[in-house]
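So the structure is just underneath, and the comments pick up after that.
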Amino acid sequence: QVQLVESGGGLVQAGGSLRLSCAASGRTFSNYAMGWFRRTPGKEREFVAVIGWTGGSTYYADSVKGRFTISRDNAKNTVYLQMNSLKPEDTAVYYCAATEVGTSWYLADFGSWGQGTQVTVSS
């Protein structure tokens with residue numbers, strides 16, 4: 001069990017950038033792979049990106065490859081999502097999540113979730 005708090009969301013115009021942060025506490029942060037998911041109204045949460053325990057393994061959804069970068073700083077117990085070249089389709093509530101399974105993209109593998117941060121991209 002780990003507690004997660006997201007920050008960094010906001011309003012940005014298409015083509016702009018944002019960096020989301022997720023601060024973790026409660027358990028040893030480095031023992032968890034960390035993921036980012038997002039949800040838009042009327043849709044289920046969808047996978048965005050995941051990073052392994054040490055940051056050596058990363059995977060991205062096809063929709064964000066080349067534009068988003070996930071990273072982590074275990075000394076600061078924080079995971080980041082750098083979002084560049086944002087599109088209106090990226091508008092969603094973004095959630096960070098933690099899993100002990102490994103570098104997974106399956107929602108069910110993640111046992112700890114933050115409350116989310118809103119990202120809105122205007123056209």
Side-chain angles (χ1 to χ4, degrees):
Q1 184 73 33
V2 60
Q3 291 73 51
L4 306 172
V5 179
E6 304 96 335
S7 62
L11 175 64
V12 64
Q13 68 180 35
S17 298
L18 285 173
R19 188 172 83 153
L20 306 183
S21 299
C22 177
S25 63
R27 298 285 290 274
T28 304
F29 178 71
S30 61
N31 288 345
Y32 294 84
M34 299 294 299
W36 286 96
F37 294 77
R38 66 187 183 186
R39 184 173 184 172
T40 57
K43 296 182 179 180
E44 301 293 329
R45 294 185 189 185
E46 66 175 352
F47 168 76
V48 175
V50 66
I51 187 167
W53 291 3
T54 65
S57 299
T58 59
Y59 296 93
Y60 298 89
D62 289 341
S63 59
V64 305
K65 285 181 179 178
R67 300 188 298 119
F68 291 10
T69 302
I70 188 171
S71 62
R72 67 190 297 163
D73 186 339
N74 288 349
K76 297 181 178 179
N77 295 329
T78 303
V79 63
Y80 305 94
L81 185 69
Q82 178 67 47
M83 306 185 294
N84 298 326
S85 302
L86 283 162
K87 305 175 181 179
E89 306 93 271
D90 296 318
T91 295
V93 177
Y94 283 72
Y95 301 86
C96 66
T99 178
E100 298 181 73
V101 171
T103 311
S104 175
W105 57 87
Y106 293 105
L107 186 149
D109 286 339
F110 290 80
S112 298
W113 293 83
Q115 295 301 304
T117 185
Q118 177 71 48
V119 172
T120 302
V121 184
S122 63
S123 61

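Only a predicted model underlies this, so the values are computations on that prediction, with no experimental measurement involved.
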Separation of [Y] [atom2] from [X] [atom1] (nearest 0.5 Å):
| X | Y | atom1 | atom2 | answer |
| --- | --- | --- | --- | --- |
| Arg67 | Ser85 | CZ | OG | 7.0 Å |
| Asp90 | Arg38 | CG | CZ | 5.0 Å |
| Met34 | Thr99 | CE | OG1 | 10.0 Å |
| Ser123 | Leu86 | OG | CG | 13.0 Å |
| Leu81 | Thr69 | CG | OG1 | 8.0 Å |

Provide the closest heavy-atom pair for [X] versus [Y] in the form atom of the first, atom of the second, distance.
| X | Y | value |
| --- | --- | --- |
| Thr78 | Ser21 | CG2-CB, 4.3 Å |
| Leu4 | Cys22 | CB-SG, 3.8 Å |
| Gly8 | Thr117 | N-OG1, 4.3 Å |
| Gln82 | Ser17 | NE2-CB, 4.0 Å |
| Arg72 | Ala33 | NH1-CA, 3.9 Å |
| Ser25 | Val2 | O-CG2, 3.1 Å |

Give a yes or no on whether [X] and [Y] share a hydrophobic cluster (residues Ile, Leu, Val, Met, Phe, Trp, Tyr; joining criterion: side-chain heavy atoms under 4.5 Å apart).
| X | Y | answer |
| --- | --- | --- |
| Ile51 | Tyr80 | no |
| Val48 | Ile70 | yes |
| Val12 | Leu20 | yes |
| Val121 | Tyr94 | yes |
| Met83 | Tyr60 | yes |

Original post:
Got more than 12 heavy atoms from elsewhere within 6.0 Å of CD, Gln13?
Top reply: no
Original post:
Can you list the other members of the hydrophobic cluster that holds Phe110, where links are side-chain heavy atoms under 4.5 angstrom apart?
Top reply: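 Noted: Phe110 shares its cluster with Phe37, Phe47, Val50, Tyr59, Val93, Tyr95, Trp105, Tyr106, Leu107, Trp113.
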Subject >> N/O donor-acceptor pair under 3.5 Å between Gln115 side chain and Glu6 backbone >> reply: no
Subject >> Ser112 (side chain) donor-acceptor with Ala98 (main chain) under 3.5 angstrom >> reply: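 Between the backbone of Ala98 and the side chain of Ser112 there is no qualifying donor-acceptor contact (under 3.5 Å).
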**OP:** Begin with the C-alpha distance, continue with both residues' side-chain angles, and end with the deciding distance and a verdict on side-chain contact (heavy atoms from CB on, under 4.5 Å) for Thr91 and Thr40.
**Re:** CA-CA 7 Å; Thr91 295; Thr40 57; 5.7 Å; no
